[in-house]
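Comments concern the structure below.
Note that the coordinates shown come from a computational prediction; the quantities given were computed from them, not determined experimentally. The basis for the numbers below is simple: all heavy atoms, side chains too, and nothing from hydrogens, waters or symmetry mates.
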Amino acid sequence: MAAPVTPPRGMRDFLPNEKAVREHALGTIRRSFAAHGFDEIETPVMEDSARLHSGLGGDNEKLGFAVLKRGLSPVEIAAAAESGDLLSLADLGLRFDLTVPLARFYASHRAELPAVFRSIQIAPVWRAERPQKGRYRQFIQCDIDIIGEAGPLAEIELISATTAALDALGLTGCSVRINDRRILASLLGHWNVAPELAERALITIDKLDKIGVAGVVTELGGLGIDTEGIAETLAGMPGLGWDAAAPAWLDLAAYSDLRALRDALPATRLVFDPTLVRGMGYYTGTIFEIAHPELGYSLGGGGRYDGMIGRFLGTDVPACGFSIGFERIVDLLGVTGAADPDAVVLIHEKDADPAALVALKTALVATGLRVRLERRTKNVKALLDRAAAAGYGRYAFVTSETRAPSSLEFRPLGDSADRH
RNA sequence: GUGGGUAUAGCUCAGCUGGUAGAGCAUCCGGUUGUGGUCCGGAAGGCCGCGGGUUCAAGCCCCGUUACUCACCCCA
């Protein structure tokens with residue numbers, strides 16, 4: 001058996017028709033974001049290892065691909081193995097999201113950017129996860145971020161631009177779940193959860209829709225949290241809605257801010273969900289996620305991270321972002337290639353004159369057509385089916401008598417069942 | 001990191017209670033068919049993922065391993 005030829009685990013090759021669908025979707029998203037006043041930027045795929053592991057990335061930090069320093073000596077490697085700190089052998093890492101690189105980018109280029117900067121990033125990120133449906137080790141994220149806007153305008157613009165992009169893709173049925181870190185903080189305070197347990201407790205709360213009230217109570221108890229009265233609070237959380245009679249644990253200021261967002265976005269299905277958490281440690285205020293009724297995972301998410309840029313810049317700058325999980329969107333769209341009548345296939349004999357063929361093709365290209373040459377095989381049907389699947393709309397046979405494009409007789413390509 | 005499923009031709013898959021490897025599609029060749037998407041015939045293509053074990057005999061049973069895949073964890 002030959003050496004394996006599959007791509008690395010969790011990473012994929014894309015066939016021509018898949019690539020075409022992806023590029024089409026990316027173009028749609030890009031145009032939609034740009035129309036809403038965002039500007040596209042690009043950053044390197046790697047960042048300093050120390051920056052990626054600054055504690056802001058939550059669990060994702062553990063999933064980062066590290067890049068070894070060049071020219072390591074056996075002594076250094078042995079020392080790292082001895083100390084158990086293998087990460088010290090890496091000085092760079094592949095980015096696991098686009099937010100941490102953006103914060104560094106902004107800190108680096110602040111002087112050249114507008115006071116309120118609206119960025120687009122459409123780029124791959126890497127996480128060393130166990131792959132499964134909707135989860136890959138290399139995947140594209142489509143992020144928009146607004147830096148320098150502390151008020152709700154940022155959230156409103158981000159949510160409306162993102163839902164506009166989803167609409168442009170023809171994706172229906174999506175809703176946006178929304179919550180606020182301040183609400184989660186007041187909830188944990190109400191339960192007297194120790195700060196060092198807060199992160200674990202939040203992740204557990206996030207699972208409420210999956211494991212139920214009893215499951216969450218058990219898991220919280222396992223963390224060492226006093227679960228007295230927690231079940232009652234939990235039971236009332238999912239259906240709370242927009243007109244709740246303010247339970248004691250609810251941060252009223254944050255709740256009121258969320259209601260204002262809801263009022264500002266009448267066209268969006270905005271669902272208040274106090275159990276929404278999100279894993280990234282850097283969120284400080286609003287958090288949101290795109291939900292789809294057919295999927296058990298989210299199609300994207302984001303939130304406000306007012307503290308992050310200050311870690312790189314020294315002074316705090318408010319920031320908020322929204323990320324679309326491109327791979328999950330594409331999986332949902334499926335592969336549909338429409339036939340292009342301006343894309344034609346020229347079928348020629350094995351012994352056709354190459355110079356004449358290319359001259360003929362060039363003449364057709366000059367008229368605005370997309371032209372592919374195909375050597376005639378015994379099985380013409382298979383050849384034509386493949387061309388049709390690749391989006392070609394017409395075909396013609398080239399013979400030794402074919403001199404000019406006008407002598408070609410084009411026929412439509414398509415389902416072979418309805419023609420013969 | 002944890003658990004389940006799968007692994008046979010380029011692709012999609014059969015292969016019965018263990019008995020020397022099969023189909024369809026694709027490829028190539030010959031013929032047929034109104035300058036052509038039809039049909040007929042033929043050929044080529046396999047360490048049955050890899051390594052052990054049981055057996056007279058293993059694609060099939062047992063153990064291990066690797067890869068893929070689904071779910072959990074976590075996440076887009």
Using the [atom1] atom in both, what is the distance from [N] to [M], to the nearest Å?
N	M	atom1	value
B:rC48	B:rC13	C1'	13 Å
B:rG49	B:rC60	P	8 Å
B:rG15	B:rA21	C1'	9 Å
B:rG22	B:rG46	P	15 Å
B:rC47	B:rU33	P	40 Å
B:rG10	B:rG45	C1'	9 Å
B:rU65	B:rG4	P	13 Å
B:rU6	B:rG59	C1'	15 Å

**Message:** Quick check against the 3.5 Å criterion: does A:Y106 have a side-chain atom that pairs as donor or acceptor with the backbone of A:L113?
**Reply:** no
Please tell me which of the listed nucleotides, [options], lies nearest to the side chain of [X]?
X	options	result
A:T399	B:rA26, B:rG36, B:rC73	B:rG36
A:Y395	B:rC70, B:rU32, B:rG37	B:rG37
A:D385	B:rG37, B:rC70, B:rC75	B:rG37
A:R411	B:rU38, B:rA76, B:rG36	B:rG36
A:A382	B:rG36, B:rC28, B:rA26	B:rA26
A:F139	B:rA67, B:rA76, B:rG37	B:rA76
A:E327	B:rA67, B:rU38, B:rA76	B:rA76

Contact class for [X] (heavy atom, under 4.0 Å): base, sugar-phosphate, or nothing?
X	answer
A:E349	base
A:L383	nothing
A:E129	base
A:R386	sugar-phosphate

Presence of donor-acceptor pair under 3.5 Å, side chain of [X] and base of [N]:
X	N	result
A:R135	B:rC74	yes
A:K378	B:rG36	no
A:R127	B:rA76	yes
A:R130	B:rU2	yes
A:R376	B:rG36	yes
A:R328	B:rC75	yes

[X] [atom1] to [N] [atom2]: how many Å, rounded?
X	N	atom1	atom2	answer
A:L384	B:rG37	CG	C1'	5 Å
A:F410	B:rG37	CZ	C1'	17 Å
A:L276	B:rA76	CG	C1'	14 Å
A:D13	B:rC68	CG	C1'	15 Å
A:K133	B:rC73	NZ	C1'	19 Å
A:I211	B:rC73	CD1	C1'	12 Å
A:E289	B:rC75	CD	P	9 Å
A:I347	B:rG37	CD1	P	10 Å

Look at [X] and [N] and indicate whether a side-chain polar atom (N or O) is within less than 4.0 Å of OP1 or OP2.
X	N	result
A:N379	B:rU27	yes
A:Q132	B:rA71	yes
A:K207	B:rC74	yes

**Request:** Could you pick out which residue, A:P8 or A:L299, lies toward the 5' side of RNA chain B when each is mapped onto its nearest nucleotide?
**Result:** A:P8
**Complete:** Comparing nearest nucleotides in RNA chain B, the 5'-proximal residue of the pair A:K350, A:V398 is A:K350
**Request:** Would you indicate whether A:E76, at its atom CD, is surrounded by more than 12 heavy atoms from other residues, nucleotides or ligands within a distance under 6.0 Å?
**Result:** yes
**Item:** Crowding at CZ, A:R370 (>12 non-hydrogen neighbours, <6.0 Å)
**Value:** yes
Under a 3.5 Å cut-off for both contacts, is [N] paired Watson-Crick or G-U wobble with anything, and if yes, with which nucleotide?
N	result
B:rU35	none
B:rG45	none
B:rU20	none
B:rU6	B:rA67
B:rU54	none
B:rG59	none
B:rC72	B:rG1

**Request:** For salt bridge (charged side-chain N to carboxylate O under 4.0 Å, His left out), just list the numbers for A:E219 and A:K207, CA-CA rounded to whole Å, side-chain angles, deciding distance to a tenth of an Å, and then say yes or no.
**Result:** CA-CA 10 Å; A:E219 212 171 299; A:K207 289 189 267 187; 2.8 Å; yes
**Message:** Would A:F326 count as stacking on B:rA76 if stacking means ring centres less than 5.5 angstrom apart and planes tilted under 30 degrees?
**Reply:** no
**Request:** Find out whether the Lys NZ or Arg CZ of A:R127 is both under 6.0 angstrom from the six-membered ring centre of A:F65 and within 45° of the ring's axis.
**Result:** no
**Request:** May I ask you to check if A:R328 and A:Y297 form a cation-pi contact, with NZ or CZ under 6.0 angstrom from the six-membered ring centre and within 45° of the axis?
**Result:** yes
**Prompt:** Parallel, tilted or perpendicular: which fits the ring planes of A:F38 and A:F33, with parallel below 30° and perpendicular above 60°?
**Reply:** tilted
**Prompt:** Is the A:Y255 ring parallel, tilted or perpendicular to the A:W242 ring (thresholds 30°, 60°)?
**Reply:** parallel
**Request:** Would you give the length of the straight line joining atom CD of A:E374 to atom OH of A:Y395, rounded to the nearest 0.5 angstrom?
**Result:** 13.5 Å
